[in-house]
Amino acid sequence: MNETIKIFHGPQHPGVTGNMSLELDLDGETIVKATTHVGYLHRGFEKLIERRTVIQAFTIVCRICVPEPDPNEENFARGIETLAGLEISERANSSV
């Protein structure tokens with residue numbers, strides 16, 4: 001007798017409850033259906049940043065992904081540098 005069970009696979013850290021999670025329907029070890037649930041954490045960041053200066057936006061960017069904020073801050077900084085046409089010194093450039 002095949003019995004479908006439903007499990008929730010999502011953030012395993014209590015600090016990331018707002019991130020995406022999956023609702024999985026399983027038949028044994030086979031995934032029959034997968035439903036994504038996008039959490040509230042990623043909604044509205046663009047609107048929050050629109051009314052802030054670049055420096056103020058850095059405090060919001062690090063909250064986009066709670067357990068790994070550093071890549072978001074670096075990507076944001078590189079984007080601002082590129083858009084503003086800023087040339088970064090060799091000492092400050094982490095990709096050298």
Side-chain angles (χ1 to χ4, degrees):
M1 178 171 107
N2 290 344
E3 183 178 334
T4 303
I5 61 169
K6 185 180 297 276
I7 64 169
F8 293 91
H9 179 71
Q12 276 73 37
H13 187 278
V16 293
T17 55
N19 288 331
M20 188 185 88
S21 63
L22 294 171
E23 181 181 334
L24 302 172
D25 292 336
L26 303 175
D27 182 6
E29 294 182 357
T30 304
I31 298 173
V32 178
K33 180 180 174 187
T35 307
T36 58
H37 297 285
V38 178
Y40 61 87
L41 187 67
H42 293 289
R43 298 180 184 161
F45 280 112
E46 297 86 357
K47 280 296 189 194
L48 288 171
I49 291 174
E50 281 179 2
R51 300 186 182 269
R52 289 171 170 73
T53 66
V54 172
I55 296 300
Q56 291 171 331
F58 271 97
T59 61
I60 295 172
V61 170
C62 66
R63 292 178 174 95
I64 292 172
C65 184
V66 177
E68 296 291 337
D70 298 337
N72 293 320
E73 290 177 338
E74 181 180 4
N75 291 333
F76 183 72
R78 287 180 184 270
I80 295 299
E81 293 161 1
T82 301
L83 290 171
L86 300 173
E87 188 163 334
I88 308 306
S89 69
E90 185 176 336
R91 182 176 178 195
N93 192 345
S94 64
S95 64
V96 174

Legend entry - Gap separating the CZ atom of F58 from the CD1 atom of I80, nearest 0.5 angstrom: 7.0 Å
Inset, instruction - Would you kindly confirm whether L22 and V32 end up in one hydrophobic cluster when ILVMFWY residues are joined by side chain heavy atoms under 4.5 Å apart? - result: no
Inset, instruction - Indicate, with yes or no, if L48 and F76 share a hydrophobic cluster defined by side-chain heavy-atom contacts under 4.5 Å among Ile, Leu, Val, Met, Phe, Trp and Tyr. - result: yes
Inset, instruction - Find out whether I60 and F45 are in side-chain contact, i.e. whether some heavy atom of one side chain is under 4.5 Å from a heavy atom of the other. - result: yes
Inset, instruction - Mind checking salt bridge (Lys or Arg N to Asp or Glu O under 4.0 Å) for E81 and listing every partner two or more places apart, or none if nothing turns up? - result: none
Inset, instruction - Mind checking salt bridge (Lys or Arg N to Asp or Glu O under 4.0 Å) for K6 and listing every partner two or more places apart, or none if nothing turns up? - result: E23, D25
Inset, instruction - Report yes or no: do L86 and L83 belong to one cluster of Ile/Leu/Val/Met/Phe/Trp/Tyr joined by side chain heavy-atom distances under 4.5 Å? - result: no
Inset, instruction - Locate the shortest heavy-atom distance separating R52 from A57; write the atom from each residue and the value. - result: CB-N, 4.3 Å
Inset, instruction - Find out whether I49 and V61 are in side-chain contact, i.e. whether some heavy atom of one side chain is under 4.5 Å from a heavy atom of the other. - result: yes
Legend entry - Point-to-point distance, once rounded to the nearest 0.5 Å, from OG1 of T30 to CG of L24: 12.0 Å
Legend entry - Verdict with reasoning, L26 to T4, per side-chain contact (heavy atoms from CB on, under 4.5 Å): CA-CA 5 Å; L26 303 175; T4 303; 5.9 Å; no
Legend entry - Check: T53 main-chain N/O paired with Q56 side-chain donor or acceptor under 3.5 Å: yes
Inset, instruction - Would you please name every residue forming a side chain to side chain donor-acceptor pair (under 3.5 Å) with E50, sequence neighbours left out? - result: K47
